[in-house]
Structure formats: C-alpha cells, structure tokens
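What follows is a set of notes on a single structure, which appears directly below.
By convention here, the first residue in the shown sequence is residue 1. Numbering of ligands and ligand atoms starts at 1, following listing order.
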Amino acid sequence: MEQTLIYKILSDHRLDGKIAAGEEIGMRIDQTLTQDATGTTAFLFFEAMGATRAKTQLSVSYVDHNMAQFGPENHNDHLYLQTAAAKAGAYHSRAGNGICHQVHLERFAKPGATLLGSDSHTPTCGGIGTLAVGAGGLDVAVAMAGGPFYLRCPKVLGVKLTGKLNDWVAAKDVIFKLLSQLSTKGNVGWAIEYFGQGVSTLSVPQRATITNMGAELGVTTSIFPSDEQTRKFLTAQKRQEDYQPLAADTDAEYDRIIEINLSELVPMAACPSSPDNVKTITEIAGTQAHQILIGSCTNSSFADLMTVAKVLKARRINNMVEFAVAPGSREVLNMLAANGALSDMISAGARILESGCGPCIGQGFSPADGAVSLRTFNRNFPGRSGTSPDLVYLVSPETAVASALTGKITDPRDLPKLLSIQYPRIDSPDQFAVDDSMMEKPLSEAEAAKVQVLRPATIVVPEMPPPLPEKLRAQVLIKCGDKTTTDHIMPAGPFLKLRSNVPQYAKVVFNCFNKQGKPTFAQRALELKKKTTAGVIVAGQSYGQGSSREHAALCPMYLGVRAVIAKSIERIHRANLINFCIVPIELADPADYEKIEPDDLLQIDNLLEAIKHSNEVTIIDKTASFEFSGKLALSNRERQILLSAGLLNYTRKKTND
Ligand code: MIC
Ligand code: SF4
C-alpha cells in the first residue's frame with residue numbers, strides 16, 4: 001500500500017500493536033532528548049527504574065531552560081544532570097551550548113530516525129525528516145532505558161505547499177496561516193506531513209520553524225520530506241553520512257489535505273494571548289511596540305539572526321523600544337561574532353542574551369505594565385512572560401526587526417519604502433562553524449563506573465502515587481475554562497527553579513487562579529488530603545495544552561488529585577496524568593460541564609471496575625444531586641498503568657516479570 005512518510009517511519013519502528021489510525025502502537029526510539037527543566041525528574045525516574053545505561057542509539061541531556069542561577073538550585077541541577085548523563089552513557093550539552101531543539105537539529109537529528117524528547121517542541125526536528133515526538137520525562141526515561149514508546153497512530157493531515165515565499169514573508173507566517181485555520185484545540189490524534197512543490201523552496205531551519213509550532217496546534221508531530229535541502233544542511237553541518245532521501249509514496253492517501261500557496265502569504269502575528277489569535281500585520285500595524293525579543297527554538301537560526309543583523313546594520317533601534325536577541329545555539333552565536341553581525345546588532349542597540357530559552361520561559365525580560373511585547377517565540381499564553389496581564393504578540397524575525405526600527409508594529413514589506421532597506425536574502429552557509437566542545441560525549445561503561453552522581457539536597461526524589469481506591473469520593477478543587485495550559489497549572493518563570501523539588505513546587509499549582517487572602521489551591525488540596533478525600537479538577541476543552549511538563553500531573557498528584565474531568569484533554573498531558581495515576585475522564589455530554597460547580601462532592605462507585613473493563617464511568621454529583629457519564633477511552637496498557645499506580649511501578653513490575 002502507498003504510505004505517507006509518517007506511516008513509513010512508524011512501520012519501520014513498530015514493536016507492538018497494529019499500524020492504523022487510532023490504534024495504540026509501541027515504537028522503538030532511536031534518540032532521546034531531555035532538558036534541564038524536565039530532565040532532573042527524567043533522570044531520577046531512570047535511576048528509580050533500576051536502569052543504568054541508556055539503550056538508545058543516542059540520548060542527550062541539554063541544559064538550556066534554567067540558567068538564571070538565582071540561588072543554588074539551577075547549578076545543582078546542572079551538576080546532577082552532567083554526572084547523571086555521564087553515568088548513563090548519554091551526551092551532555094552544557095549551559096551556553098544552546099537550546100535543545102536548535103542544537104539537536106544542528107548536531108544529531110537524522111531523516112528517518114525516531115526522537116522522543118521531554119519537551120513539547122521536540123517535533124522541531126521534523127524539519128529534517130525525523131519522526132520527533134514530545135512526551136513527559138517519565139516516558140522519555142522508559143525509552144532511554146530501552147522500552148518502547150506508546151502512542152496512538154495519528155491521522156495524517158497533508159499540507160500541500162505550492163509557490164514560494166515573497167520577500168519579507170517568513171516560514172513563521174506559514175504556521176500562523178495553519179494556526180488561523182486549525183486553532184490550538186481539537187487537533188489531538190492528528191499529525192502533519194508537508195508535501196508539494198513548495199517544500200523544496202524552504203531550507204531546513206525554515207522547515208524547523210514550521211514543525212516547531214505544530215506543538216501549538218496540538219498535533220502529535222509534524223514532518224517534512226528529506227531532500228536536497230536536507231542534504232545541503234547536513235553537509236554544512238559535516239554530517240553528510242546522516243543523509244538519506246525520504247518522502248511519502250506518490251499516491252499516499254492523507255486523511256485530509258490543506259493547500260497553502262506560499263506566494264499568497266503575508267506577514268502575520270499571533271495577537272494576545274493565544275498562538276491562534278492570528279491577524280495580518282496590516283490589520284494591527286501602527287500599534288506602539290515597547291519590547292521586541294528575538295530568539296527561542298522557533299526563530300533563532302543563523303539565517304533568522306543574519307536577516308535581523310543585516311536590516312539593523314548601521315541603523316539604530318527606536319528609542320522607546322527595549323530590544324534583545326538570544327541566539328539559538330553557541331554555533332549560531334559564534335558565527336555571528338565571526339562575521340561581524342553580532343557587532344551590527346550591538347551597535348544598533350540590541351541587548352545580547354546567552355544561547356538558551358531565556359525570556360521564552362519567563363527567565364527575565366518581563367514587559368512593563370501595559371507594554372506591547374513582540375516576540376519571535378511560539379507561545380503567548382497569558383502571563384507566561386512574567387507580567388500579568390500581558391500583551392505578547394508572536395511574530396517573525398522580519399516583522400520584529402522592522403518594528404524595532406520604527407517603534408510601531410510594522411509590516412516588513414514596507415521597509416524598502418519607509419527606510420530604503422532592501423530584503424537581505426541570506427543563503428544557507430556551505431559550512432557551519434561546528435564546535436562540539438561544550439557537548440560532552442558519552443563515557444564508556446568502565447569510565448562511567450568511576451563517576452559519582454552529584455545530587456545536592458535541593459533535588460528531591462518525587463513520591464510515587466498511592467493505588468487508586470475501589471470507589472472514588474472527590475471534591476471539585478477547581479473548575480477551569482477552555483484552553484487551560486500547563487503554564488496555568490504549573491507556572492514557570494521564578495518558580496522554574498523548583499522543578500527538582502515537588503513538595504516545594506506543588507505550592508504554586510494553579511497559582512494564577514489563587515486569590516490574595518484566600519487559601520491557595522495547594523492549601524485547599526492538602527486540607528482535603530488530610531481528610532482522605534481526593535481532589536478532582538474540572539475543565540473545559542483542550543485541558544493541558546502547551547508544555548510537556550509532567551509536573552502539571554506530578555504536583556497535583558502530590559496534592560491528592562486523583563481525576564481530571566474535562567470536555568477534552570491534550571495528548572501529552574493526558575499521558576502524563578495516566579503516568580502519575582490521575583484518571584483522565586472526558587465528559588460524555590459536554591453540556592454537563594455547566595452543571596458541575598467548584599466544591600461539589602463527586603462520587604464514582606465502581607472506579608476500579610470501570611478502569612479494568614469499561615470505557616464509561618457514572619459520576620454522581622452528591623452536592624447538586626445529579627448523575628452524569630464520563631468517557632475513559634483507555635488502551636489495555638493504560639488500564640494496567642492505572643491499576644499499577646502509575647508508569648514507574650508498571651515498568652518495574654514488567655521488568656521483574
Ligand atoms: C515550554 O516551552 O513551555 C517548555 C518550558 O519548553 C516546556 C517544557 C517544560 O515545561 O520544561 C515544553 O514545551 O514542553
Ligand atoms: Fe525553550 Fe521556549 Fe523552546 Fe520551550 S518554547 S524549548 S522554553 S525556547
């Protein structure tokens with residue numbers, strides 16, 4: 001049968017299950033990546049599983065998120081990760097080497113390979129033809145230990161690209177177009193494959209911008225074929241041996257096709273405060289911009305930053321604008337330094353940040369009250385910038401730099417007319433300045449045996465969930481609306497440094513909904529836990545969108561939450577809930593959402609029975625005296641995980657069987 005590229009790679013890596021949309025399959029993982037904010041728990045779980053050596057082709061531990069180092073926590077984490085990776089035979093990318101997705105694309109990702117990463121933007125490497133999927137740290141730990149990764153085979157949306165981008169229109173505008181059509185919700189169970197003549201006009205970093213923000217659509221992964229552009233990129237990275245041509249079969253059938261004519265696209269922005277609130281720049285042009293930030297795993301490639309530098313050369317940014325640039329990797333930063341582009345940006349007034357996630361995850365650069373912040377990032381969820389309320393617009397580097405010069409949101413296509421700036425066409429370099437000296441290589445088993453893993457006291461081994469009760473009695477701790485993100489559930493910013501300490505971090509679960517002078521979510525949950533009543537979270541559509549952070553399940557579990565009842569739950573978060581033994585329940589009739597109130601006491605009489613045999617539960621709202629149905633939709637494996645009190649126990653049991 002003619003196959004899509006995604007199904008070809010899935011078939012090549014299938015270990016268990018049937019390859020058909022909606023079926024759960026176990027797949028072999030060739031590569032894993034972890035980053036510091038999710039990596040400490042991943043490595044702690046890896047150790048807790050009794051695993052010693054990574055069994056993948058390669059596993060990389062990156063430090064890129066948490067580098068502000070206020071207090072000892074961050075550096076403690078870095079040292080733990082460095083020594084734990086050395087022990088496990090993994091690579092370790094040191095702080096300053098760059099953002100995991102950018103560096104992985106540059107140095108490791110291969111067409112046709114599978115990559116599992118404890119970060120939702122792992123599909124960035126789909127830009128080079130890797131089947132790359134984001135997951136929670138525990139799932140990545142299992143894959144690192146050589147276990148299969150389970151996922152439901154997605155339906156495939158084919159995006160046919162025709163035409164060619166016009167000057168000043170960017171790859172970012174391609175994904176904005178899709179976000180405007182598909183939105184951030186309702187895409188669970190889908191993956192995207194790009195095809196068509198327009199594909200060959202896009203370089204690998206441009207493709208990676210597009211696959212990166214597939215995460216915002218909520219799709220399982222996004223992928224481009226591997227072609228001459230891929231070969232060129234790999235050769236310039238001195239990795240030509242990793243190249244192989246790959247594409248879907250000519251008559252491959254997609255479950256749905258959307259066509260985008262690149263020639264017809266215009267510069268766009270995602271307006272506050274959701275990546276799908278897309279408008280054309282023409283519609284919002286003239287709005288005063290106070291802060292402009294360039295960087296993140298979406299837009300900090302060499303070509304992106306060279307475009308910015310060329311536009312800025314011999315010019316000054318507007319006086320009312322705060323402007324900063326965070327290069328995606330040390331390789332990019334070094335190249336900009338060597339060719340003078342860095343100096344052009346500094347002279348123009350840019351503040352240069354180290355290569356890392358930085359402001360994208362609220363590590364500094366929170367905008368002023370009421371300030372409009374333009375960012376080349378991928379997420380503008382409310383408050384993610386560290387200021388609440390905030391006004392963050394996501395834009396392309398072209399739009400960002402045009403606006404930095406004028407001080408107003410500016411269509412970059414107006415630059416020739418406004419400031420006589422011609423479009424700087426940046427060719428992909430024939431040779432990148434490859435330097436892996438900050439990437440520590442895996443040690444042999446004999447060398448690793450001598451390594452002492454450093455685990456300072458700020459790194460606390462997380463508690464595992466207790467078994468589920470036969471019958472659940474639970475109180476509604478919170479009722480959230482649609483599109484509740486993991487940033488709402490588990491804030492990052494100043495709290496990011498608590499990632500390795502669940503009891504401390506759990507204090508800020510749902511912090512943005514806490515009211516001054518009232519008990520916090522955590523206090524109410526712990527009070528309930530003392531009375532041996534469980535907690536339940538009620539939510540609208542698309543609960544848990546955004547990050548892969550398993551802390552959004554791990555911390556509520558620590559506080560006694562045993563179920564989430566929602567209109568719908570996003571893929572990675574649903575898997576994390578199951579991994580930490582929180583039952584994900586979707587409302588059979590979404591209208592019941594209106595009837596449930598905060599503090600209601602709910603009861604599920606036959607919870608365990610239902611988990612064993614059924615896909616439906618009857619929930620009694622004791623407070624409002626009504627009954628409603630919930631859907632479980634569990635695979636056999638998911639049932640076993642819940643019955644074993646979580647994935648860690650389940651994996652241990654399987655290993656001992
Ligand atoms: C993000 O962009 O939200 C993060 C921070 O990279 C997360 C991972 C995390 O929370 O550590 C992600 O995208 O998965
Ligand atoms: Fe880092 Fe931001 Fe990318 Fe997440 S989205 S990996 S925080 S740069």
Could you identify the single nearest non-hydrogen protein atom to atom 2 (Fe) of ligand 2 and state the distance to 0.1 Å? C360 SG, 2.3 Å

How far is atom 2 (O) of ligand 1 from its nearest protein heavy atom, and which residue and atom name does that atom have? R384 NH2, 2.9 Å

As a test of understanding, state which of T298, T376, N299 forms a side-chain hydrogen bond (donor to acceptor under 3.5 Å, both in side chains) with D304. N299

Using a strict cut-off of 4.0 Å, indicate which atoms of ligand 1 neighbour a heavy atom of T38. 9 (C), 11 (O)

Which distance, rounded to the nearest 0.5 Å, do you find between the CD of Q102 and the CD of E331? 8.0 Å

Under 4.0 Å from one or more heavy atoms of H121, ligand 2 contributes atoms 5 (S)

Quick one: look at I361 and ligand 1, take heavy-atom pairs under 4.0 Å, and tell me if it's side chain, backbone, both or neither. side chain

Minimum-distance pair of heavy atoms, taken over all atoms of R499 and A37: NH1-O, 2.9 Å

Please identify which atoms of ligand 1 are closer than 4.0 Å to at least one heavy atom of R379. 1 (C), 2 (O), 3 (O), 12 (C), 13 (O)

Taking the basic N atoms (NZ, or NE/NH1/NH2) and the acidic carboxylate oxygens, is any pair closer than 4.0 Å for R330 and E354? no

When you measure from the side chain of Q35 to the backbone N and O of T38, does any donor-acceptor pair fall under 3.5 Å? yes

How long is the straight-line distance from CZ of F513 back to CZ of F521, given to the nearest 0.5 Å? 10.5 Å

Applying a strict 4.0 Å limit to heavy atoms, is H101 in contact with ligand 2? yes

Numbering the atoms of ligand 1 from 1, which are under 4.0 Å from a heavy atom of A37? 11 (O)

So which atom in E106 and which in S329 form the shortest heavy-atom distance, rounded to 0.1 Å? OE2-OG, 2.8 Å

Is D276 salt-bridged to K483, cutoff N-O under 4.0 Å? yes

Just to be sure I read this right, does ligand 2 sit under 4.0 Å from the backbone of N378, its side chain, both, or neither, counting only heavy atoms? side chain

C297 N/O/S atom closer than 2.8 Å to atom 1 (Fe) of ligand 2: no

Pair H551 and Y505, ring centroids less than 6.0 Å apart: yes

Is the gap between the ring centers of Y62 and Y91 under 6.0 Å? no

Using a 4.0 Å cut-off to any heavy atom of D119, which atoms of ligand 1 qualify? 4 (C), 6 (O), 7 (C), 8 (C), 12 (C), 13 (O), 14 (O)

Counting each atom of ligand 1 from 1 as listed, which ones have a heavy atom of H65 under 4.0 Å away? 4 (C), 5 (C), 6 (O)

Of the protein's non-hydrogen atoms, which lies at the shortest distance from atom 4 (Fe) of ligand 2, and what is that distance? H65 NE2, 3.8 Å

Ligand 1 to S547, heavy atom cutoff 4.0 Å, flagged ligand atoms 3 (O), 7 (C), 8 (C), 9 (C), 10 (O), 12 (C), 13 (O), 14 (O)

Shortest protein heavy-atom distance from atom 11 (O) of ligand 1, along with the residue and atom involved: R499 NH1, 2.8 Å

Considering only the protein, which heavy-atom contact is closest to atom 10 (O) of ligand 1, and what is its distance? R549 NE, 2.6 Å

Atom 13 (O) of ligand 1: which protein heavy atom is closest, and how many Å away? S120 OG, 2.6 Å

Location of contacts on T298 toward ligand 2, heavy atoms closer than 4.0 Å: neither

Do the side chains of D487 and R549 get close enough for a salt bridge, i.e. N-O under 4.0 angstrom? yes

May I ask you to decide if A270's main-chain N or O and N277's side chain share a donor-acceptor pair within less than 3.5 Å? no

Mark the output for Q35 as yes if a heavy-atom distance to ligand 1 is under 4.0 Å, and as no if none is. yes

Which one of I361, T38, N299 has a non-hydrogen atom at the shortest distance from atom 7 (S) of ligand 2? I361

Pair F580 + F45: ring centers closer than 6.0 Å: yes

Please name the pair of heavy atoms, one in P154 and one in T220, separated by the smallest distance, quoted to 0.1 Å. CB-OG1, 4.2 Å

Could you check which of S548, A552, G134 puts a non-hydrogen atom nearest to atom 14 (O) of ligand 1? S548

How does R379 reach ligand 2, by side chain, by backbone, by both or by neither, if only non-hydrogen atoms under 4.0 Å count? neither

Give the residue, atom name and distance (to 0.1 Å) of the protein heavy atom nearest atom 1 (Fe) of ligand 2. C357 SG, 2.3 Å

